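Reviewing the structure listed below.
Note that the structure is predicted; figures quoted are calculated from it, not measured. In the text below, chain A, chain B and the rest are named by the order of the sequence lines, each starting its count at 1.
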Amino acid sequence: MNPATYLEHLNPEQLAAVTLGRQSALILAGAGSGKTRVLTTRIAHLIQTGQVSPGGVLAVTFTNKAAKEMLTRISSLLPINPRGMWVGTFHGLCNRLLRAHHREANLPQLFQILDAQDQLSTIKRLMKLLNIDDEKFPPKQVMYFINNAKEQGLRANDVDAPDDMTQRYRDIYLAYEQQCQREGTVDFAELLLRSFELLSRNEPLRQHYQARFKFILVDEFQDTSRFQYEWLKQIAGKENAVFAVGDDDQSIYAFRGAHAGNMQTFVREFAVEKIIKLEQNYRSQGNILDAANVLIGHNSERLGKNLWTAEGAGEPIRLYAADSDFDEAQFIVEEIRALIKDGVAASQIALLYRSNAQSRVLEHALFSASVPYRVYGGLRFFERQEVKHALAYLRLIANPEDDTALLRVINFPTRGIGARSIEQLQEAAREQGISLWQAACMKGGKDSTKGVPAFVLLIESMRHETTGMDLAEQVEHLLQASGLVAHYQASKTEADRVENLEELINAANAFLKEYDGERTEEMPDTLTAFLTHAALEAGDNQAQSGQDAVQLMTVHAAKGLEFHSVFISGLEEGLCPHENSLFEQDGLEEERRLMYVAITRARRRLYLSFAQSRMLHGQLRYGVPSRFLQEIPEKLLKPINAPQSQAAASSAWEEPRTLGSTGIAPGSPSAETETGQTFRIGQNVLHAKFGPGVIVHCHGRGVNAEVEVNFRQSGMKRLALQYAKLNPA
DNA sequence: GTACTCGTCATTTTT
DNA sequence: TGACGAGTAC
């Protein structure tokens, strides 16, 4: 394509970002401001104008989906083979690096990648072996400890252990480290750490890559963790230009290590001169953007940005106050039907919520009204147990030393190898410092038609019979030979899993088509490549795709997407913002960003709703409208109703309304104690006896001050502040 | 080994 | 409320 053509439709800021020379820059790209376009156009432009060859480009994204999208869009701009470019997730790129330099990284070339499940089961197994009480040391905590250490760049021996407890954790970490090394397995955090160490310890290698990647681009920079940032520094060196694109207002993954503060650090450490703000929004209409802008304005830790649109104000934001979660769902379904009737595609309607538990009522209502819908979340394809079983057989073919895989299938389908035999194997393996597979092979002997010897034979014959087959044939053969298909077919309750096994053959075929022609020096083995693919991208996590259906998902899952119409439901204190977040550092601001992300998903129509009562954990809870609703200017909102039920009339709703017509409870109906301590509706409190709860109703002052509190455990209580030991949470 | 019961737990999640 | 894991009984 002619450069003039693809540069033509960019706005001035986008153009400046795209055509920036070789210098580090921070692009603050607001929601819907065309950041992917900027990224891909820049890469195309750099190559087109000869500033760099494809091999000199490194682009990092957070999801495989984003990486794929980027490659597709670059290919549509440029007639080049994008293969020379390194575009991928942090983990994908680390994998590539480690495969290419496995010797230097002290790994077998065919190392296997453990997903979170595998990692946890490895830890559990190890702890059992070491006789560690899993009550005192919950395996999940151990996993968290290990990953946390790795995220700080620490090996087991580097971890500070001031007390016995930590020391014990460290011991397990050490054992885990050794176990992985023995098995040739690598977890997600290890991919990062290992490749970081590879680069930092191997100067020639580091220089090689630093010389190669002249232009480094990072997408969703606000989501980088501290360690990922260090990793970037390592590969970028001092000379190279890092082009970081991100939006601090959309940082919603702090809970899993994202550190938006990297943006400021980056500006400082990379001597960034150019900070370009992309503020023109091409997605939402004015009212929606105004609401988003005002809301996010309540956050203090911001780099500062204001979205605007060339389009008109559009429709007002609709606000619905529901009596109950049931009523809320009912309302949403009615509106959805009306929208669909007006010609909006069902797939252009999204139903967003803070936590997955909220989807149930909504699903139920949609189902009853026979509105087609699709729920995102839940198990992903490669995480399903039947698929993991099948993959375990594949893994054993590729590498029999893989204890995790062996344990997974040594007795699945059942073949008479009980817990005792397995313990014996583990015992033998530990004593002699060998793998379970080796121990199993030695246990040969008398009757090779049963038990462990039969299993050894089975795996070996599988390996022989599959040599020479292509990947899909191998998968198909293993499914049969292992007895997996027969097992599931025979099952009454799990027969549907056979479909997924068949789907695995399709996945193998699809994988072959996509990757086999492009075998690289880093990845000569198709089987390992496929297993890596399975671990690194677990596949879709949406149920039944296809079909035009309403989309249900958490706000987190909606990031990066857009819809004609968006419903944000459950806007109650305790849910959104989530009560747990209030205890966290920067928690409330992150919740507000979440709300910001949710709002900016909508193109034309936005519905906000809350319910005064909601079934949660089997208990009826009375909620108070989210403070975020009060932060949105009233003039942008159009109340659909005022609450009318008896329940509503007798509860918090009777308090004077400062916001009048919107039906939003005021921010300050409060009760004050003699000592001057005040409590207000919606506030989270802690009671000495009843534990945590939310204030639902306040009345009186001084010695007469009373509050009604909905306690998490014990439900509604009316307390006289004079006596109750109530503290703000 | 499997089917059942009981107890526990309950944001958000990609790689 | 309901999903899941561990433990128990056959």
Side-chain angles (χ1 to χ4, degrees), chain A residues 60-67 88-95 113-121 124 134-135 138-140 147 150-151 186-193 195 220 223-225 227-228 251-258 325 352-361 364 376-380 382-383 385 411-420 487 491-494 532-541 553-560 570 574-584 587 590-591 593-595 597-598 614-621 712-713:
Chain A
V60 198
T61 62
F62 269 84
T63 63
N64 293 296
K65 202 171 138 208
T89 62
F90 276 103
H91 299 268
L93 297 169
C94 290
N95 173 59
I113 296 171
L114 301 180
D115 65 14
Q117 271 180 50
D118 298 330
Q119 185 185 18
L120 188 62
S121 64
K124 280 185 184 163
D134 60 0
E135 300 260 284
K140 282 232 175 80
N147 290 340
K150 289 189 180 185
E151 160 67 28
V186 165
D187 61 47
F188 289 137
E190 183 73 23
L191 284 169
L192 259 306
L193 179 53
S195 56
E220 306 276 18
D223 284 342
T224 49
S225 72
F227 194 66
Q228 284 165 338
S251 164
I252 55 173
Y253 283 110
F255 71 93
R256 65 168 200 220
D325 48 351
L352 308 184
Y353 35 80
R354 173 70 238 264
S355 68
N356 287 305
Q358 289 166 253
S359 75
R360 182 159 287 121
V361 221
H364 185 79
Y376 284 70
L379 267 198
R380 311 171 71 216
F382 286 111
E383 290 167 358
Q385 66 143 312
N411 197 34
F412 194 97
T414 48
R415 44 177 74 87
I417 301 177
R420 211 176 44 249
H487 169 85
S491 160
K492 284 182 213 109
T493 48
E494 304 183 297
T532 300
H533 163 82
L536 244 32
E537 40 187 310
D540 279 346
N541 63 355
M553 65 189 88
T554 62
V555 179
H556 283 94
K559 191 175 156 209
L575 256 186
C576 181
H578 197 279
E579 51 198 357
N580 295 0
S581 72
L582 302 174
F583 301 99
E584 287 158 17
E590 176 136 326
E591 296 290 302
R593 291 192 289 270
L594 210 41
M595 182 73 188
V597 169
R614 178 179 298 277
M615 211 40 154
L616 205 63
H617 305 331
Q619 272 192 323
L620 198 61
R621 297 229 311 192
R712 224 186 292 178
Q713 268 97 37

Residues which pass ring-ring contact (aromatic ring centres under 6.0 Å, His included) with F382(A), listed by chain and number, not counting sequence neighbours:
H533(A)
Which part of the nucleic acid, if any, lies within reach of E584(A) when heavy atoms closer than 4.0 Å are counted: base, sugar-phosphate only, or nothing?
base
Within the stacking criterion (centroid distance below 5.5 Å, interplanar angle below 30°), does H578(A) stack on dT11(B)?
yes
Whole angstrom is fine here: how far is it from CD in E590(A) over to P in dT13(B)?
12 Å
Touch class at under 4.0 angstrom, heavy-atom based, for N64(A) against every strand present
sugar-phosphate
Distance-only polar pair, side chains of S355(A) and Q358(A), donor-acceptor under 3.5 Å
yes
Residues passing the side-chain contact (heavy atoms from CB on, under 4.5 Å) test with D223(A), sequence neighbours excluded, are F62(A), E220(A), Y253(A), A258(A), K559(A)
Nearest whole angstrom, please: distance from the P of dT13(B) to the CG of L352(A).
12 Å
Taking the side chain of Y253(A) as its heavy atoms from C-beta onward, which of dT2(B), dT12(B), dT13(B) lies nearest to it?
dT13(B)
F382(A) CZ - dT15(B) P separation (whole Å):
13 Å
With sequence neighbours left out, the residues meeting ring-ring contact (aromatic ring centres under 6.0 Å, His included) with H91(A) are F188(A)
Protein-to-nucleotide contact annotation, 5' to 3' order, nucleotides 1-10 of chain C [B base; S sugar-phosphate only; - none; under 4.0 Å, heavy atom]
BSS-------
Please work out if N356(A) contacts a base, only the sugar-phosphate, or nothing of the nucleic acid, heavy-atom cut-off 4.0 Å.
sugar-phosphate
Could you state the atom-to-atom distance from CD of E220(A) to P of dT14(B) in whole Å?
13 Å
Under 5.5 Å and under 30°: F255(A) stacked on dT11(B)
no
In whole Å, measure the gap between the P atoms of dC4(C) and dT13(B) for me.
15 Å
Between F227(A) (CZ) and dT15(B) (C1'), how many Å, whole number?
15 Å
So, OP1 or OP2 of dT12(B): does either fall under 4.0 Å of a side-chain N or O from N580(A)?
no
Rounded distance in Å - CD1 (I113(A)) to P (dT14(B))
17 Å
What residues form a side-chain contact (heavy atoms from CB on, under 4.5 Å) with T63(A), not counting sequence neighbours?
K65(A), A66(A)
What contact category does F188(A) fall into here, base, sugar-phosphate, or nothing, at under 4.0 angstrom with non-hydrogen atoms?
base
Please state how far atom CZ in F90(A) lies from atom C1' in dT15(B), giving the value in whole angstrom units.
12 Å
Any side-chain heavy atom of L352(A) sitting closer than 4.5 Å to one from M553(A)?
yes
Determine the contact category for Q228(A): base if any of its heavy atoms lies under 4.0 Å from a base atom, sugar-phosphate if only primed atoms, P, OP1 or OP2 are that close, otherwise nothing.
nothing
Check whether any side-chain heavy atom of M615(A) sits under 4.5 Å from a side-chain heavy atom of D325(A), and report yes or no.
yes
Could you pick out which residue, H487(A) or S581(A), lies toward the 5' side of DNA chain B when each is mapped onto its nearest nucleotide?
H487(A)
Side chain to side chain donor-acceptor pair (under 3.5 Å) involving R593(A) - partner list, sequence neighbours excluded:
D586(A), E590(A)
Select one nucleotide: of dT12(B), dT14(B), dT15(B), the one nearest the side-chain heavy atoms of T89(A).
dT15(B)
Nearest whole Å is fine: how far is dT15(B) P from E151(A) CD?
16 Å
Selection from dT15(B), dT13(B), dT11(B) that lies nearest to any side-chain heavy atom of E591(A)
dT11(B)
5' precedence on DNA chain B between I417(A) and A116(A) (nearest-nucleotide basis)
I417(A)
Is the phosphate of dA10(B) approached by S355(A) (side-chain N or O, under 4.0 Å from OP1 or OP2)?
no
